[in-house]
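One structure below.
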Amino acid sequence: MRRNIKLLVIAGSTASGKSELAAKTARILDGEIVSADSVQVYRHFNIGSAKPQRILRDAVPHHLIDIMEPDQPFTMWDFRVAAQKAISEITSRGKLPVLVGGTGLYLKALLENLDGGAASNPHTRALLKSELEAGGLTNLYERLRGIDPVRAQEIHPNDRQRIIRALENAQSPQLSKKADHFTFSQYDAKFFVLGGPRKPLYERIDARVEEMFENGWIDETRAIVDMGYEKKCKPFHCVGYRQIMLYLEGELPKEELVPRVQRETRRYAKRQITWFAKVKGAVWLNSLSAGEDDMNNLADHICGYFK
RNA sequence: GGAGAGGUUCCCGAGUGGUCAAAGGGAACAGACUGUAAAUCUGUCGGCUUAUGCCUUCGGAGGUUCAAAUCCUCCCCUCUCCA
């Protein structure tokens, strides 16, 4: 099998400067960007997901942004399929695919060809959720132990989300197994992680969150609600939108909103960093020194790997 | 000036003689991660070359006791009410 599709991956935590740097390098290398971001796929969630600015998007083609409505489910599997498609289109044009994003699982699903098990089934999931409410988590966990003790071993008894998924998977008929899963990656990816010292990163996050609120994040959220989307829609549950929803419902005082979102964003960044720290062969670059010249240098540095 | 209430480990807050390095929550730090992943979950959280061990800690200084965050004395500070 071919393993020759070259890929540039630029990962990193929120506010690490991925989008900007990716656009720069993509322009130099004649590439197109494929976003690996679980929230940017959703339309209308613009400010809070820090979608790349218009200027960047006009300068370089971006894929997998604004492809879903807020009430549509989108999973790591959907990402893998969509990204593979986008990548093959890009390469067929003779361009370099530049994966950019902070969603570690998505990147992994694509790069390592995770097979993911049975397709998620809204019906069984709903059933399991009602069972959870009726019988408690422990019962579900015990059941999982009976059906798939190996998987149960890997999951913590408190992890309701994974327990439900594991049961959903275990209870599904085998036919749902994907036939086309690869045993090795078809991609030859060069993986970069943007970041830097924790302190400046956190300062940057705090400042950016504040800026987002100044840019009308609350109004944007309210507008999406007014469009008729229910709060159970997935993107409403991510960092920031979630807290804004609480505020709009009167559950969170206004003066606590911004600090709260800043804190959650910092935590999110930490989780991302923890995730990327495990990626083998990744090259870490300090992107926090901020200056325009520094960014250009970084871009040149990255491009050096593709000559 | 008088009457009450209170000062506990980074914060909030339990604890009124031993089972207390001290519940619980928060914050912080670290980690996990195969179809919700910006999600979900876990661990650590006074110090010590890591121990059924030692040392330091519950406003301060003394005292009682085999033993005190817990009892007594004095002092300092905070809050509420009355003047």
Side-chain angles (χ1 to χ4, degrees), chain A residues 11-16 18 35-42 45 47-51 68 70-83 101-122 124-126 128-129 132 137 141 148 150-151 153-172 176-178 181-183 198-199 202 205 208-209 212 217 221 232-245 256 259-279:
Chain A
S13 68
T14 9
S16 62
K18 303 185 289 292
S35 164
D37 187 296
S38 64
V39 182
Q40 290 182 4
V41 294
Y42 288 104
F45 288 75
I47 298 173
S49 71
K51 278 181 196 159
M68 292 285 140
D71 56 353
Q72 297 177 305
F74 188 81
T75 68
M76 73 166 218
W77 182 262
D78 298 313
F79 170 78
R80 194 189 133 177
V81 171
T103 305
L105 181 65
Y106 283 8
L107 256 11
K108 182 176 181 180
L110 177 77
L111 266 18
E112 297 180 21
N113 287 307
L114 297 185
D115 94 20
S120 106
N121 180 327
T124 43
R125 185 168 293 186
L128 286 163
K129 272 187 180 154
L132 170 63
L137 225 204
Y141 186 68
D148 187 348
V150 178
R151 183 62 181 138
Q153 194 65 243
E154 298 166 345
I155 299 175
H156 188 97
N158 288 347
D159 199 339
R160 54 208 139 88
Q161 200 165 137
R162 288 198 175 83
I163 291 171
I164 286 179
R165 158 95 272 248
L167 279 171
E168 174 185 68
N169 191 213
Q171 293 175 343
S172 298
S176 50
K177 275 276 178 193
K178 295 288 172 183
H181 82 269
F182 305 83
T183 48
R198 204 58 62 84
K199 199 161 162 210
Y202 284 0
I205 285 173
R208 192 169 77 155
V209 166
M212 287 166 150
W217 196 355
T221 309
K232 67 176 185 198
C233 291
K234 198 180 69 165
F236 278 135
H237 290 91
C238 72
V239 168
Y241 289 101
R242 187 186 209 152
Q243 285 72 229
I244 292 173
M245 289 300 271
E256 278 177 36
R260 184 84 164 267
V261 172
Q262 289 172 322
R263 197 179 66 210
E264 291 306 325
T265 308
R266 277 182 248 126
R267 287 173 162 167
Y268 168 49
K270 166 60 175 69
R271 269 176 271 137
Q272 291 177 299
I273 291 167
T274 300
W275 180 284
F276 293 128
K278 286 188 313 187
V279 176

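Quick caveat, the model's predicted, so the values are computed rather than measured. Residue numbers begin at 1 in each chain, while the letters A, B, ... track the order of the sequences.
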By nearest heavy atom, map A:Y202 and A:R165 onto RNA chain B; which one lands nearer the 5' end?
A:Y202
Would you measure the distance from the P atom in B:A5 across to the matching atom in B:C72 and give it in whole Å?
13 Å
Under 4.0 Å: is that the gap between some side-chain N or O of A:R266 and OP1 or OP2 of B:A28?
yes
Is there a donor-acceptor contact under 3.5 Å from the side chain of A:Y241 to the main chain of A:K234?
no
Taking pairing as Watson-Crick or G-U wobble with both contacts under 3.5 Å, can you name the mate of B:U49, or confirm there isn't one?
none
B:A3: pairing nucleotide in any strand, Watson-Crick or G-U under 3.5 angstrom
B:U80
Answer with base, sugar-phosphate or nothing: what part of the nucleic acid does A:K108 contact at a heavy-atom distance below 4.0 Å?
nothing
In whole angstrom, give the distance that lies between atom NZ of A:K234 and atom C1' of B:G35.
10 Å
Please give, in whole Å, the distance from B:U36 C1' to A:D71 CG?
15 Å
Using the ring of each side chain (for Trp, its six-membered ring), is A:Y42 parallel, tilted or perpendicular to A:F74, with breaks at 30° and 60°?
perpendicular
How many Å lie between CG on A:L167 and C1' on B:U36, as a whole number?
15 Å
For B:U36 and A:K232 - does any side-chain N or O of the residue sit under 4.0 Å from the phosphate oxygens OP1/OP2?
no
Under the salt bridge (Lys or Arg N to Asp or Glu O under 4.0 Å) rule, collect the residues that match up with A:D78, sequence neighbours excluded.
none
Nearest of B:C33, B:C29, B:G35 to any side-chain atom of A:A119?
B:G35
Need the pair for B:A30. Rule: Watson-Crick or G-U wobble, both distances under 3.5 Å, any strand; none if unpaired.
B:U42
Give every pair of a protein N or O atom and an N or O atom of nucleotides 38-40 of chain B that lie under 3.5 Å apart, one pair per line with the distance.
{"residue": "B:A38", "atom": "OP1", "partner": "A:S38", "partner atom": "OG", "Å": "2.3"}
{"residue": "B:A38", "atom": "OP1", "partner": "A:T103", "partner atom": "OG1", "Å": "2.9"}
{"residue": "B:A38", "atom": "OP2", "partner": "A:Y268", "partner atom": "OH", "Å": "3.4"}
{"residue": "B:A38", "atom": "O2'", "partner": "A:V239", "partner atom": "N", "Å": "3.1"}
{"residue": "B:A38", "atom": "N6", "partner": "A:D37", "partner atom": "OD1", "Å": "3.3"}
{"residue": "B:A38", "atom": "N6", "partner": "A:D37", "partner atom": "OD2", "Å": "3.3"}
{"residue": "B:A38", "atom": "N6", "partner": "A:S49", "partner atom": "O", "Å": "3.1"}
{"residue": "B:A38", "atom": "N1", "partner": "A:G48", "partner atom": "O", "Å": "3.1"}
{"residue": "B:A39", "atom": "OP1", "partner": "A:V239", "partner atom": "N", "Å": "3.3"}
{"residue": "B:A39", "atom": "OP2", "partner": "A:R271", "partner atom": "NH1", "Å": "2.5"}
{"residue": "B:A39", "atom": "OP2", "partner": "A:R271", "partner atom": "NH2", "Å": "3.4"}
{"residue": "B:A39", "atom": "O2'", "partner": "A:Q161", "partner atom": "OE1", "Å": "3.1"}
{"residue": "B:A39", "atom": "O2'", "partner": "A:Q161", "partner atom": "NE2", "Å": "2.9"}
{"residue": "B:A39", "atom": "N1", "partner": "A:R162", "partner atom": "NH2", "Å": "3.0"}
{"residue": "B:A39", "atom": "N3", "partner": "A:Q161", "partner atom": "OE1", "Å": "3.4"}
{"residue": "B:U40", "atom": "OP1", "partner": "A:R242", "partner atom": "NH2", "Å": "2.7"}
{"residue": "B:U40", "atom": "OP2", "partner": "A:R242", "partner atom": "NH1", "Å": "3.3"}
{"residue": "B:U40", "atom": "O4'", "partner": "A:Q161", "partner atom": "NE2", "Å": "2.7"}
{"residue": "B:U40", "atom": "O3'", "partner": "A:R160", "partner atom": "NH2", "Å": "3.4"}
{"residue": "B:U40", "atom": "O2'", "partner": "A:D159", "partner atom": "OD1", "Å": "2.2"}
{"residue": "B:U40", "atom": "O2", "partner": "A:R162", "partner atom": "NH1", "Å": "2.7"}

Please list, chain by chain and in numerical order, all residues satisfying side-chain hydrogen bond (donor to acceptor under 3.5 Å, both in side chains) with A:R260, sequence neighbours excluded.
none
Starting from C1' on B:C11, measure out to CZ on A:R263 and report it in whole angstrom.
12 Å
Stepwise side-chain hydrogen bond (donor to acceptor under 3.5 Å, both in side chains) test for A:E264 and A:Y268
CA-CA 6 Å; A:E264 291 306 325; A:Y268 168 49; over 6 Å; no
How many angstroms lie between atom CZ of A:R80 and atom CG of A:D115, to the nearest 0.5 angstrom?
8.0 Å
Closer than 4.0 Å, any side-chain N/O of A:K270 to the OP1 or OP2 of B:A28?
no
Mate of B:G35 across any strand shown (Watson-Crick or G-U wobble, both atom pairs under 3.5 Å) is none
When rounded to the nearest 0.5 Å, the distance separating CD1 of A:I244 from CE of A:M212 is 9.5 Å
Sugar-phosphate only, base, or nothing, as touched by A:F79 at under 4.0 Å among non-hydrogen atoms
nothing
Given B:U34, B:G35, B:A32, which nucleotide is nearest the side-chain atoms of A:S120?
B:G35
Need the pair for B:U65. Rule: Watson-Crick or G-U wobble, both distances under 3.5 Å, any strand; none if unpaired.
none
